[in-house]
Amino acid sequence: MKLNDPQLLKQACYVAGNWVTAIDDACSSVTNPSTGELIATVPALGKQETSSAIHAADKAQGDWAARTAKERATVLRRWYELIVENTEDLATILTSEQGKPLAEAKGEITYAASFVEWYAEEAKRAYGELIPSHKPDARILVSKQPIGVVGAITPWNFPAAMITRKCGPAFAAGCAVVLKPAPDTPLTALALAELAGRAGIPAGLFSVITGDAVAIGGALTESPTVKKISFTGSTGVGKLLMSQSADTVKKLALELGGNAPFIVCDDADLDKAIDGVMIAKFRNAGQTCICANRIYVHNSIYDEFAAKLVDRVKALKVADGFEPGANLGPLINAAAVEKVQAHVDDAQAKGAKLAYGEPQPEGTHFFPPQVLTEMDDTMRIATEETFGPVAALFRFSDDADVIRRANHTSSGLAAYAYTQSLSRAFKFSEALEYGMVGINEGLISTEAAPFGGVKESGLGREGARQGMEDFLETKYTLMGGL
Ligand code: ADP
């Protein structure tokens, strides 16, 4: 891996302001999903190191919270600038361990940096309020205080952005973070920690620990010092962390799985809807929790839409992320390939047609994009998140019916609808039981908006003013005897 600054490639963990390895030198490998090559090793740490990090976080947090908001903002701003200055290197690390095309990796670094920039600004706006009192000689004072030490656990699909989306608001609010990144993509997290240290994030305020997920997750959830768990990942692990957090009654932010419906009405601008599907379905090779999983197309335009989509999908280049012009990199691992293939096989066995798709090259993690037509609600894709580049087209003919089918899932993260009718747009926006709805838009993620889901897709919001609220406690003081 060629980096302008080789110091950004860390094979040690950042704990309490020091770069450490395991006492017994135990480590785990990080491989390139595109080639299978070993890129680096990272320490296999566990409960003991996590406890040290929590202790250091607790010590550092009070002083950090006592600084003025402007001081915290200045450090965050510096972190933002360093991330931007090192975009090239961070993207190289990200593509090497995650596989997404380099241009997309650079886009993710820009997106990741945007959270740090946004919350550097928001740090100054943790406003409280003075409420008209119920007594003449008293005043009701409401202030905001940082929640304290936060345990963060992040996934591999956005190795940079999922970290800054949590750490940006946490540090802005005056919290400390102990982070466990995904085992497939720890190198981006460690590089971000190096830059955080250079920016002036105090020792101990931010630790990054790689290793045994169960041990680290257990130490974070059982510690009474950790006041909040912020997790992005699978619904199953989210539920587990929720139950583990019950004993100490922690606040939870959970961003879990989705199964996004993408509805194309008969009055939609077809070309715009195709553009929307391309981004909502094939970004990151379909490995995002807001990916269009079920594409419902009105009967009257179904065949035209399918033909146009196939034309666009044919032009996608599947290649190593470092190859110029690559649109889709590999899937993250063999298990991901197996799951996506199983969804395609299940659909075909139940009568779906493969309108376009090349066979999956065995022995690799590459999955060529596919378009399936004549999908029905008995197929696995109708109820399970595919997390791969398979566009599955369902038919519909009635708005009320498609809304009912779109809502018939335990997930409620993102939904999309394309229509040129204002009243229909509002109808979909209001009736879809999702935390986020894109109307005539396939790309909804931005640091300026609250990202999050309802139902089993999770709790809490990340991004926007709401994202910072989640790291603050509300304190009420009755100032009496005035
Ligand atoms: P995926 O299946 O997409 O990898 P996971 O939910 O398994 O999603 O992983 C998301 C994050 O949760 C990763 O950092 C992973 O290591 C972590 N994780 C997995 N199992 C546990 C666990 N039992 N306790 C804490 N963290 C876990």
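Model, not experiment: these values are computed from the prediction. In listed order, ligands and their atoms are each counted from 1.
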Which of E447, E108, E462 passes salt bridge (Lys or Arg N to Asp or Glu O under 4.0 Å) with R165? Answer is E462
Quick one: nearest non-hydrogen protein atom to [atom], plus distance?
atom: atom 12 (O) of ligand 1; result: F231 CE1, 3.3 Å
atom: atom 1 (P) of ligand 1; result: W156 NE1, 3.8 Å
atom: atom 21 (C) of ligand 1; result: V237 CG1, 3.6 Å
atom: atom 16 (O) of ligand 1; result: K180 NZ, 2.8 Å
atom: atom 24 (N) of ligand 1; result: A213 O, 3.5 Å

Tell me if a side-chain donor or acceptor on E385 pairs with a main-chain N or O of F387 at a distance below 3.5 Å. no
Check: Q370 side chain, L354 main-chain N or O, donor-acceptor pair, under 3.5 Å: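 Pair absent, no side-chain N/O of Q370 close to backbone of L354.
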List ligand 1 atoms under 4.0 Å from [X], heavy atoms only on the residue side.
X: G217; value: 25 (C)
X: L240; value: 23 (N)
X: P181; value: 14 (O)
X: T154; value: 11 (C), 13 (C), 14 (O)
X: I153; value: 11 (C), 12 (O), 14 (O), 17 (C), 25 (C), 26 (N)

Is the closest heavy atom of F387 to ligand 1 under 4.0 Å? no
Does ligand 1 have an atom that lies less than 4.0 angstrom from a heavy atom of G218?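 It does not; every heavy atom stays at 4.0 Å or beyond.
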Is the Y119 ring parallel, tilted or perpendicular to the F115 ring (thresholds 30°, 60°)? parallel
Go through the steps to decide whether E88 and K106 satisfy the test salt bridge (Lys or Arg N to Asp or Glu O under 4.0 Å), and finish with yes or no. CA-CA 7 Å; E88 196 80 24; K106 284 184 190 164; 3.5 Å; yes
Please indicate, with yes or no, if any protein heavy atom is found under 4.0 Å from atom 9 (O) of ligand 1?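 No, because not a single protein heavy atom sits under 4.0 Å from atom 9 (O) of ligand 1.
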Ring centres under 6.0 angstrom apart (F171, F471): no
Do any nitrogen or oxygen atoms of S234 come within less than 3.5 Å of a nitrogen or oxygen of ligand 1? yes
Exercise: do K166 and S230 side chains pair donor with acceptor under 3.5 Å: yes
Can R405 be said to sit on top of Y296's aromatic six-ring, NZ or CZ under 6.0 Å from centre and within 45° of the ring axis? no
Axial cation check for F158 ring with K100, 6.0 Å and 45° limits: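 Satisfied, under 6.0 Å and within 45°.
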